[in-house]
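Quick caveat, the model's predicted, so the values are computed rather than measured.
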Protein chains: 2
Amino acid sequence: MLRPMTISLKPSQALSLWHQVSLSEVRDTAPDLTMRQAAILLTIYLDPPPHTVRGLAEHLGVTKPVITRALDTMGTMKLVTRHRDPRDRRNVVIARTVEGALYLERFADVIIAKAAALPR
Amino acid sequence: MLRPMTISLKPSQALSLWHQVSLSEVRDTAPDLTMRQAAILLTIYLDPPPHTVRGLAEHLGVTKPVITRALDTMGTMKLVTRHRDPRDRRNVVIARTVEGALYLERFADVIIAKAAALPR
DNA sequence: GCATATTGAAACGGTCCCGTAACGTTTCCA
DNA sequence: TGGAAACGTTACGGGACCGTTTCAATATGC
């Protein structure tokens, strides 16, 4: 049964969804990400590669050190990895990890569950 | 035309929605909230009052100073106000503001727009 | 009345993130 | 070949948040 419909939310549903997902993350003892880190991580996993520090900085509208530091933190969490680009050794290409994919998979499950439980 | 259906998202849609909304907030020059602050603000505006520091702390599973500090910050942003409870002057009741309502209204609009633009 | 409990806030030390500026490395090009 | 440009990182000072502990004010109960 296909439902080729755009997803339309009422304001109360939109806020409730964000509320429930945020609560899940806050209550969770898991290490949580800042809004910027989340945006960076999602860009890396959802937008087509390759990803560079400069490209991410432009895409998010932030400075390069912000990206470098976020990658430091998320690298420690094993959510992303970095390698020098052999073709242009000035560049650093950011790659996904298994742990990062699992992290986002679990996160998507939370969003889906909360969306399904939303009052009509 | 009514659509009394539960909202069902595919994993890619769930992550894409969070991605797009996060990007909007990051790119915005507006002051953004931490995940905890957002959870507190949404609880205040979506759950029935009255709200106290202790109640919010229990609800989110964090310590009271976390709530006090978040209220300090969001109070400076005029998103919430605090008053002593005249019936029990140990309590502080947290109240909504016009600015806070507008902030969340605008936030809901972003979520709704991104949800509507989601690929099927 | 007085000790105890409760509430929210303040103090303290530590950690992380921020923006700006400077830096080392690598590439480009005149 | 040598200077300029591009890339990512590091350094620096400042600010925000954290958890724990302590505190002042208020309420409760013997």
Side-chain angles (χ1 to χ4, degrees), chain A residues 22-23 25-44 49-95, chain B residues 22-23 25-44 49-96 103:
Chain A
S22 297
L23 275 181
E25 293 301 300
V26 169
R27 286 172 176 155
D28 216 356
T29 52
D32 50 16
L33 303 177
T34 66
M35 185 98 77
R36 285 179 169 195
Q37 290 170 342
I40 293 169
L41 189 67
L42 286 165
T43 297
I44 294 168
H51 297 287
T52 63
V53 173
R54 172 167 180 74
L56 290 172
E58 282 182 356
H59 189 241
L60 300 217
V62 298
T63 59
K64 288 191 294 177
V66 168
I67 304 296
T68 295
R69 284 186 295 251
L71 294 178
D72 289 344
T73 302
M74 296 193 292
T76 302
M77 299 181 190
K78 297 183 185 298
L79 299 179
V80 296
T81 55
R82 280 181 282 194
H83 310 284
R84 281 280 163 194
D85 182 353
R87 289 178 17 82
D88 184 340
R89 294 185 44 72
R90 289 175 302 181
N91 288 338
V92 165
V93 295
I94 295 107
Chain B
S22 297
L23 275 181
E25 293 300 300
V26 169
R27 286 172 177 156
D28 216 355
T29 53
D32 50 15
L33 303 177
T34 67
M35 186 98 76
R36 287 180 169 195
Q37 290 169 343
I40 293 169
L41 189 67
L42 285 164
T43 297
I44 293 168
H51 297 287
T52 64
V53 173
R54 172 169 182 73
L56 290 171
E58 282 182 357
H59 190 241
L60 299 216
V62 298
T63 60
K64 288 192 295 178
V66 168
I67 304 296
T68 295
R69 284 186 294 250
L71 294 179
D72 288 344
T73 302
M74 294 194 292
T76 302
M77 298 180 190
K78 294 183 186 297
L79 298 179
V80 296
T81 55
R82 279 181 283 194
H83 309 284
R84 281 282 163 191
D85 181 353
R87 290 180 18 83
D88 184 340
R89 292 185 47 73
R90 289 174 302 181
N91 288 338
V92 165
V93 295
I94 294 105
R96 305 163 186 173
Y103 179 92

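Across the protein-nucleic acid pair, B/K64 atom NZ and C/dA10 atom P stand 13 Å apart, rounded to whole Å. Atom pair A/L56:CG and D/dC7:P shows a separation of 13 Å (rounding to whole Å applied). One interatomic measurement links the two molecules: CD of A/E58 to P of D/dG8, which rounds to 10 Å at whole-angstrom precision. If you measure from atom CE of B/M35 to atom P of C/dC17, you get 14 Å, rounded to the nearest angstrom. We find that CG of A/L33 is positioned 13 Å from C1' of C/dC16, with the value rounded to whole Å. B/R54 has its CZ atom 15 Å from the C1' atom of C/dA9, to the nearest Å. Atom-to-atom, CG of A/N91 to P of D/dG8 comes out at 5 Å; the value is rounded to the nearest Å.
Partners of A/R84 according to the side-chain hydrogen bond (donor to acceptor under 3.5 Å, both in side chains) rule, which considers only residues two or more places apart in sequence or in another chain, do not exist here. Residues passing the side-chain contact (heavy atoms from CB on, under 4.5 Å) test with B/D85 are B/R87, B/D88, B/N91, B/V93, sequence neighbours excluded.
Sorted by first and then second residue, the pairs that involve residues 64-79 of chain B and meet salt bridge (charged side-chain N to carboxylate O under 4.0 Å, His left out), not counting sequence neighbours, are B/D72-B/R82.
Rounded to the nearest 0.5 Å, atoms CG (A/L33) and OG1 (B/T34) are 13.0 Å apart. Atom CD1 of A/I94 sits about 8.0 Å away from atom CD1 of A/I67, to the nearest 0.5 Å. Note that CG of B/L23 and CE of A/M35 are 10.5 Å apart. Values are rounded to the nearest 0.5 Å. Considering OG1 of A/T73 and CG of A/L41, their distance stands at 12.0 Å, rounded to 0.5 Å.
Contact annotation: B/T68 reaches the phosphate of C/dA9 (side-chain N/O to OP1 or OP2, under 4.0 Å). The side chain of A/Q37 places an N or O atom within less than 4.0 Å of a non-bridging phosphate oxygen (OP1 or OP2) of C/dC17.
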Let me check something: any side-chain donor-acceptor pairs from residues 49-61 of chain A under 3.5 Å, sequence neighbours excluded? List them with distances.
| unit_1 | atom_1 | unit_2 | atom_2 | d |
| --- | --- | --- | --- | --- |
| A/H51 | NE2 | A/I44 | O | 3.3 |
| A/H51 | NE2 | A/D47 | O | 2.9 |
| A/T52 | OG1 | A/G55 | N | 3.0 |
| A/R54 | NH2 | A/E58 | OE2 | 3.0 |
| A/H59 | NE2 | B/R27 | NH2 | 3.4 |

message: I'd like to compare against my own output: the B/S/- annotation of nucleotides 18-30 of chain C with a strict under-4.0 Å heavy-atom distance to protein.
response: BBBB----BS---

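For residues 72-83 of chain B, proximity to DNA chain C is found at B/R82, defined as any non-hydrogen atom under 4.0 angstrom from a strand atom.
Looking only at side-chain heavy atoms (C-beta outward), A/L79 and A/Q37 stay at 4.5 Å or farther from each other.
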